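Written out below as structure tokens is the structure these notes cover.
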Amino acid sequence: MSRIKDGTTTDVLVIGGGIIGLAVAWRTAQRGLRVAVVDPDPGGGAARVAAGMLAPVTELQYGEEPLLRLGMASNERYGAFTAELSQATGLDTGYRGTGTLAVALDADDKAELSELHAFHQRLGLTSDWLTGREARRLEPMLAPGVRGGLLVGGDHQVDPRRLSVALVRACELGGVWLHRAEAVELLVEGDRAIGARLSTGERLLADQVVLAAGAHSHQLPGLPSGVLPAIRPIKGQILRLRIPPAYAPFLSRNVRAVVRGGHLYLVPRADGELVIGATTEEQGYDTVVTAGGVYELLRDAHELVPGITELPLVETSAGLRPGSPDNAPLLGPTALPGLVAATGHYRNGVLLTAVTGDLLAEYLTTGSVPELAAPFSPDRFAARSLT
Ligand code: GLY
């Protein structure tokens, strides 16, 4: 696409070039619309920090069944989504069908995990109960005291950094115009969103504007109040270790547990990276890595897999999950005509990237909200406060 000049109109302007915004842009351009993305650093954002577990079942919380349906739909299409991306770009996304093993470290954990197993069974989900010995047979690096486990064969992984790079490339090759600048104001004319003003002073106009700015989504100047609920930043600190070839395969699948009330997971990649995450902290827009955060992750991971202390620690980082009031995403048209939301994905941004791209592209090209997206209407919060 040729360079858009000040005031030029395109069909769709996506504000935010993280993996959600890029997937929406790529899929929408594939359907023939002219699409621009504005972001100072396309492919950046929370995905650069995320571990990349694709875990609709093991991330499931009680009472979040509608989200489960969306997550399962995204998980089912992930293999084809990443294969198509790789074919389009020649780039690997690190998608691996590893499965996930959730383990219990003590009798209380075991009781909780067994309740979770019963919950899975009521919902018709596939998860298999293992004794501690069976869990250790699958993953010999687990602590000897592990009391039991739940094997979820369908919860896989992708490498979010590779995925980001591939999505940027797919957008470039697919004719999406990536505008490397910041959107500093949403432009509204009458009662309609018409585009954005950029940090460069330019104005980009569009028939439809998609807000996909993650934890910063509701802060965009010019956004009328009440159109989006507050999206709160939920900090996650994460560690990256390296598995030397002599130690491989250190772990063969994602391993997770609830330790001292926190979700702990270890994600082993084919290239030898081992990601350990993550803290969950409500600290505002703070992405400082703290000694306490690193200590807690290493302490808890050591309880689960004692051998991690032998591995080189190569990176610590922190990112911001975009949390909506009900922890489910906001997908589709907002109360402001012309403004469409693709945000609030909280703990499931990487998982939901595939389905979000498809659902938003369908809405943007047809004007109809797909059935799968309907429970995630951004209007649901306004409706609740009226009743
Ligand atoms: N999905 C894992 C996390 O948000 O930490």
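Here the structure is a predicted model, which is why all the values come from computation and not from measurement. Whatever order the structure lists ligands and atoms in, that order sets their numbers, starting from 1. When reading the values below, keep in mind they use all heavy atoms of this one structure, side chains included, and skip hydrogens, waters and symmetry mates.
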Out of Arg321, Gln237, His345, whose heavy atom is nearest to atom 4 (O) of ligand 1?
Arg321
For atom 1 (N) of ligand 1, find the nearest protein heavy atom and state the residue, atom name and distance (0.1 Å precision).
Arg347 O, 2.7 Å
Under 4.0 Å, heavy atoms only, figure out whether ligand 1 is touched by the backbone of His263, its side chain, both or neither.
neither
Is any side-chain N of the basic residue among Glu303 and Arg260 closer than 4.0 Å to the acidic one's carboxylate O?
yes
Between Tyr265 and Ala51, the two heavy atoms sitting closest are CE1-CB, 3.6 Å
What do you reckon, does Tyr265 put a non-hydrogen atom under 4.0 Å from ligand 1?
yes
Polar side chain donor-acceptor pair, His263 to Thr280, under 3.5 angstrom
no
Run the salt-bridge test on Lys235 and Glu282 with the 4.0 Å N-O cut-off and return the result as yes or no.
no
